[in-house]
Amino acid sequence: MASLNVGNLGNLGDYLREQRRTAQLSLRQLAEAAGVSNPYLSQIERGLRKPSAEVLQQVAKALRISAETLYVRAGILDEKEREELETRAVILADPSINERQKQVLLQIYDSFRKENAAEAASGAVSEPAPESGPEPGAAPGPAPAAAPDADEPPSS
């Protein structure tokens, strides 16, 4: 039977097959782990069926890969959206910071993205502010005088 390869689905199917083989899973094992039928998964791999985002998420979980990557391959999500979601997921999954810190980081991230989008829309790209200090290649100036220790009396 010839593959229809509707849109980007052939690419998705090839990618899924490659990931399944890398994980050393049979089609039947992956179908069972993802909670879908074996024939349905086979049709997805051959590019004959377009899976829902929910099915892609189940397959990604069974393969232990990013669902967003599958969404991009299936044409559900564009690359920039995937990158944003992955950045958010990494922040939210970090066990070394608390929930308040995660929310603050996400707010800062959102503000930077909005600022950059506004600049891109207006055509103005701001350069980062130069660091204060000597210019590259400039001769070093005199070393600053060391501050006296608090325990020592001032010299006269």
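Owing to the predicted nature of the structure, the values given are computational and were not obtained by experimental measurement. Numbers for residues simply follow the sequence, beginning at 1.
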> Taking R20 for the side chain and L25 for the main chain, is one N or O donor matched with an acceptor at less than 3.5 Å?
Replying inline: yes
Donor-acceptor pairs under 3.5 Å, side chain of residues 28-37 to any protein atom, not counting sequence neighbours: which ones?
| residue | atom | partner | partner atom | Å |
| --- | --- | --- | --- | --- |
| Q29 | OE1 | S26 | N | 2.7 |
| Q29 | OE1 | S26 | OG | 3.4 |
| S37 | OG | Y40 | N | 3.1 |

> Got a sec, which pairs hit side-chain hydrogen bond (donor to acceptor under 3.5 Å, both in side chains) with one end in residues 91-100, sequence neighbours left out?
Replying inline: D94-S96, E99-K102
> Are the side chains of V55 and I44 in touch, meaning some heavy atoms are under 4.5 Å apart?
Replying inline: yes
>> Distance alone, cut at 3.5 Å: any donor-acceptor contact between the side chains of S66 and E68?
In response: yes
> Does any non-hydrogen side-chain atom of L63 lie less than 4.5 Å from one of L16?
Replying inline: yes
> Is atom CD of E54 surrounded by more than 12 heavy atoms (other residues, nucleotides or ligands) closer than 6.0 Å?
Replying inline: no
>> My understanding is that only residues two or more places apart in sequence, or in another chain, count here; which of them pass salt bridge (Lys or Arg N to Asp or Glu O under 4.0 Å) with R17?
In response: D14, E45
>> Would you say S42 and R46 are linked by a side-chain donor-acceptor pair, where the criterion is simply a distance under 3.5 Å?
In response: yes
> With a cutoff of under 4.5 Å between side-chain heavy atoms, which Ile, Leu, Val, Met, Phe, Trp and Tyr residues group with I108?
Replying inline: V104, F112
> Of the non-hydrogen atoms in A67 and A60, which two are nearest, and what is the gap between them?
Replying inline: CA-CB, 3.6 Å
> If every non-hydrogen atom of L56 is compared with every non-hydrogen atom of A74, which pair is closest and at what distance?
Replying inline: CD1-CB, 3.7 Å
> Can you name the residues that form a salt bridge (Lys or Arg N to Asp or Glu O under 4.0 Å) with E84, not counting sequence neighbours?
Replying inline: R88, R113
>> One pair to check against side-chain contact (heavy atoms from CB on, under 4.5 Å): I65 and Y15. What are the steps and the verdict?
In response: CA-CA 11 Å; I65 61 174; Y15 181 75; 4.2 Å; yes
> Which other residues end up in the same hydrophobic cluster as L105, if Ile, Leu, Val, Met, Phe, Trp and Tyr are linked when side-chain heavy atoms come under 4.5 Å apart?
Replying inline: I91, L92, I97, L106
